[in-house]
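Report on one structure; see the data block that follows.
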Amino acid sequence: MLEDEYQLDYFLENGFVRKQCSKCGKHFWTRDLERVTCGDAPCDPYSFIGNPVFKKKFDLAEMREYYLNFFEEKGHTRLERYPVIARWRDDIYLTIASIADFQPFVTSGQVPPPANPLTISQPCIRLSDLDAVGRSGRHLTTFEMMAHHAFNKKGEEIYWKDHTVELCDELFNSLGVDPLAVTYKEEPWAGGGNAGPCVEALIGGLEVATLVFMDLKQSKDGDISIKGDNYRKMDNYIVDTGYGLERFVWASKGSPTIYDAVFPEIVNELMDLAGVSHELDNSEYANILAQNARLAGLMDISEKANLFELRKQVASSIGTTVEKLSSIMEPVETVYAITDHTRCLTFMLADGIIPSNVKAGYLARLVLRRTLRMMKDMGITVPLSDIVRMHINNLPEYPEFGEKFDVIQDILEHEERKFGETLERGKRMIKKSAKHYKESGQSMPLESIIEMYDSHGIPPEISKEAASEVGVAVDLPDNFYSLVAEGHSKAEAKEEKVFPYAERVAKLPKTKKLFYDEPTRMNFEAVILDVFDNHIVLDSTLFYPEGGGQPADYGTMVIEDVLHNVIDVQGVDGVVVHIIEESEDEFHIKKGDMVQGHVDEERRMAHACHHTATHIVNDAARKVLGGHVWQAGAQKSVDRARLDISHYKRISLEELNQIELIANRTVMENQRVIAEWMDRIDAEKKYGFGLYQGGVPPGSTIRVLKVADDIEACAGTHCTSTGLVGPIKMLKTERVQDGVERIEYAAGLAAVRATQEMESYLSQAADALRVRPEHLPSTIDRFFNEWKEFKKENQRLKDDLAHVHVLQMANEAVNIADMRLVAKCIPNADIDELVKIAGELTTSEDMVVLLASDAGGVKIVGAAGEDALKAGADAGKIVRAMSQVVGGGGGGKPAMARGGGVDASKIDEALAAGQSLLGDQLNN
RNA sequence: GGGCUUGUAGAUCAGUUGGAAGAUCGUCGCCUUUGCAAGGCGAAGGCCCAGGGUUCGAAUCCCUGCAAGUCCA
């Protein structure tokens, strides 16, 4: 990055000098002529602890308000925060920075910003330094990034570097910061495909703000190289600042840790619950925490070795041992982490993340389970929701949290119970396998501990604990989690489907879409703009291209008196491409030809019904299940549609019935379906991000569709009023992921057909049992019970029959070498009968039994009594040999074997062969 | 989106190379006991998740589906 980028007039005119840090070598700007270090840790240790840098103390609400108000007075428009779950992004799950609110469409210049310049305090969640939270004294999973942004275009500059630094500097001045204590360090920034110069504002060793001047974007042919990637200048350039709200509050209070500054009441309450005495008034204790935070500021403690190093340094600086220090620090750190994590959960759940085993939901569960584990370690037994309640009470600025508390509580209880069950199950498994290893005199292999974690979610510490209860010791290596990661094969890069002819299509003008204005018209005329094999582009069309879960229209096109079937329609950047069935005539189609198009009306109407029904069902589901319900996907077809929604429990039959009733009521209200093209920003302001349930459409204007109470951005074709949807019939629910339920339903004629189909199953079943459908449940119940009775009865009869056979057959035995043999065919007997007879006969110890039956081919059973076994009889071998005779196979144990074959005519031959083989066995 | 694990009695789980479906707890009956805890004897209770396939034969092997658990991006 060029040095020139940082030669700001503001610095030069306000007594700043550019220096190079004597420790890290980076350049920085300061008013302090004596200063030799850049002001950032580790070059400068924290000096603000116990020595606040502002003239007064602020809490979160006061600080946030001060900041936003300051920038409002400087001509910025204040914006409401965005959710912590990045609904409008498909590349990240969580909102990780204020600028994320405006990516990708505002930052790329496609969509104008909601205000310019603007200021916002955006709650953000970053889980990348999870291990450091609580320990470092400064890391948080959840923080608010206060920011002012200006979006500049060539010729339309709001403000750029000078004014940005000036505003920052003024803010510090107004807060009473000593001007000599502020440094601005040069630190080129790159991330998320963009880059630019950047200065970090540092006070007392703490980085309190980052001022990014984003004016580069990643590009293969770019002429500027940063960290190995090529970038080039953008037409627009953006002021992207980030001021850490929590750090400001910390700096204003100078408390030993950021946690004691941000949520002191909750920290204290949890310390009490954990039985940890946390007296910051005690100067000795406060000094330990302060010293820990100061030194932690100098290093990255996410690695265990570094944590130990930190302990060593802190211990020596206050004159104690590492063990003693650890015993003081660990409980305190854990409580800090619990306080932080529960605040994170508060934001996550209140903003509608449903804990799950995939996607953002997994992140929520990760935090949740970590928290529960730590609470258990600390002996905190209150429900998680009690702690979340504390946070909600502590954040009155977010009244929406309180409104959602009931659902949050329900989710938390559900999750706590689930985790408890998982741990119980896991402990049983561990104990079982530990016992196994103990008995065989082995130690517990690490692989099984890894498997317990990877496949069953049992934390290694819990595995170790459970194993030691059985008396098996387990060594846990420091790099346990990286060993887990090693076991995972790298995910394959998925192949992106590339549309053929995409480049040529891109050069064509956007197709005029007639189906929005005239949803009921099915015939049209148009002109061919271009043809690629069987792909046809028109100037205008009534054909709906696949999109938004709605499949493409089919139909026909008459070109030069030849009829072509349209078998697919795709949209490529606003250009509609019609794909016709391949035929020999297609070679005659050329640019400029007139086309008479006809859309398959039945297919279109079925799609429209299902699409409108989807909006109705979505709304009904929210009304029945709760406001946390969020569309996670949808697909329509001619005969059914499905809607995936976020929900933390299985949908019960009662709930599904309720949804069905409400949906059909909405239909009968016969409300007009209203679609209007709106400015994206206006639409977002008016309706919120609920608009994007079905996905985020690109562009500065979006089509807002109102179906009864449901308002969404939607580009599909719809019925003109809800009444035209016809009946909506729920078909089934399915759990596609933990936390995501799929509802399947049919609408319109498809619903009638689906109902008819169900009824026909019902009447067929009823006919088969010769009862009326309403008697089916009781009749089936009776039949099933009777069937079980008969089965048992059958078993008893076979036993009796076998017994009768046994009495007869014992007399028929022939003597072979001191043993007795019964070799006989019992016609029609099934294999179980043969087994029973043979089993009973061989209770006589000198008996060998060879039985056959012609039921279903040939069945053979052989058995030998104790003495016969000792004498060398092996029923397994005999039966195998006999089975080969009848064209099959068999085997078993010497005492009991079975086999069979297909050729019933050779049964006698097989019995004879068996007898002779037995003779051989006994004589040897 | 990818990976791994699991569906057997009311509950928790065994079930070997494919060859007679089991244990423990719980339930019920009887016995022992002043009573309780406990003990003894016995019994009931299984579409071995569903559907295909391989095989003479499948709880067991293969495929598909359904249900559930879990790790990661």
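Below, chains carry the letters A, B, ... as their sequence lines are ordered, and counting in each starts from 1. Model, not experiment: these values are computed from the prediction.
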Point to revise | P gap between B:C49 and B:C71, integer Å | key: 26 Å

Point to revise | Ring centre gap for A:F790 and A:W787 strictly below 6.0 Å | key: no

Check your understanding: What does A:G857 touch in the nucleic acid at a heavy-atom separation under 4.0 angstrom: a base, only the sugar-phosphate, or nothing?
Key -> nothing

Point to revise | Note: A:E744-A:R640 ion pair, threshold 4.0 Å (strictly below) | key: yes

Review point. If we take the P atom in both B:G29 and B:G45, what is their distance in whole Å?
Key: 16 Å

Check your understanding: Any side-chain N or O of A:R425 under 4.0 Å from OP1/OP2 of B:A11?
Key -> no

Practice item. Look at the rings of A:Y648 and A:H628 and say which category their plane angle falls in: under 30° parallel, 30 to 60° tilted, over 60° perpendicular. Key: tilted

Check your understanding: Which is true for A:V886 with a 4.0 Å heavy-atom rule: it touches a base, it touches only sugar-phosphate, or it touches nothing?
Key -> nothing

Review point. Expressed as a whole number of Å, how far does the C1' atom of B:C13 sit from that of B:G26?
Key: 14 Å

Check your understanding: Taking only N and O in the side chain of A:K893, is any of them less than 4.0 Å away from OP1 or OP2 of B:A20?
Key -> yes

Check your understanding: Quantified in whole Å, what is the C1' atom distance between nucleotide B:U64 and nucleotide B:U54?
Key -> 15 Å

Check your understanding: Which nucleotide sits closest to the side chain of A:K418: B:G69, B:U12, B:U5?
Key -> B:G69

**Study point:** 5'-most by nearest nucleotide on RNA chain B - A:M896 or A:G899
**Key:** A:M896

Practice item. With heavy atoms under 4.0 Å as the rule, sort A:E734 into base, sugar-phosphate or nothing. Key: sugar-phosphate

**Study point:** Donor-acceptor pair present, A:D454 side chain and B:U70 base, under 3.5 Å
**Key:** no

Exercise for review: Assign A:Y93 to base, sugar-phosphate, or nothing according to its heavy-atom contacts below 4.0 angstrom with the strands shown.
Suggested key: base

**Study point:** Separation of the C1' atoms in B:C66 and B:C28, to the nearest angstrom
**Key:** 35 Å

Study note, to complete from the structure: When A:N357 and A:K788 are each assigned the nearest nucleotide of RNA chain B, the 5'-most assignment goes to A:K788

Point to revise | Euclidean distance for P, B:A50 against B:U8 (whole angstrom) | key: 10 Å

Check your understanding: When we call it a touch if two heavy atoms are under 4.0 Å apart, what does A:G892 touch: a base, just sugar-phosphate, or nothing?
Key -> base

Check your understanding: Within the pair A:K792 and B:A44, is there a side-chain N or O less than 4.0 Å away from OP1 or OP2?
Key -> no

**Study point:** Distance-only donor-acceptor check, side chains A:S356 and A:D738, under 3.5 Å
**Key:** no

Review point. Touch check for A:K791, heavy atoms < 4.0 angstrom, all strands: base, sugar-phosphate only, or nothing?
Key: nothing

Review point. Which part of the nucleic acid does A:R880 contact within heavy-atom distance under 4.0 Å: base, sugar-phosphate only, or nothing?
Key: nothing

Practice item. Determine the interatomic distance between C1' on B:U12 and the same-named atom on B:G51; round to the nearest Å. Key: 29 Å

Exercise for review: Give a yes/no on whether any side-chain N or O of A:R898 is located under 4.0 angstrom from OP1 or OP2 of B:G18.
Suggested key: no

Practice item. Looking at every strand, decide which applies to A:K836 at a 4.0 Å heavy-atom threshold: base, sugar-phosphate, or nothing. Key: nothing

Review point. Can you find a side-chain donor-acceptor pair between A:S637 and A:D639 that sits under 3.5 Å?
Key: yes

**Study point:** P gap between B:A14 and B:G57, integer Å
**Key:** 29 Å

Practice item. Check every strand shown and say whether A:S883 touches a base, only sugar-phosphate, or nothing at a heavy-atom separation below 4.0 Å. Key: nothing

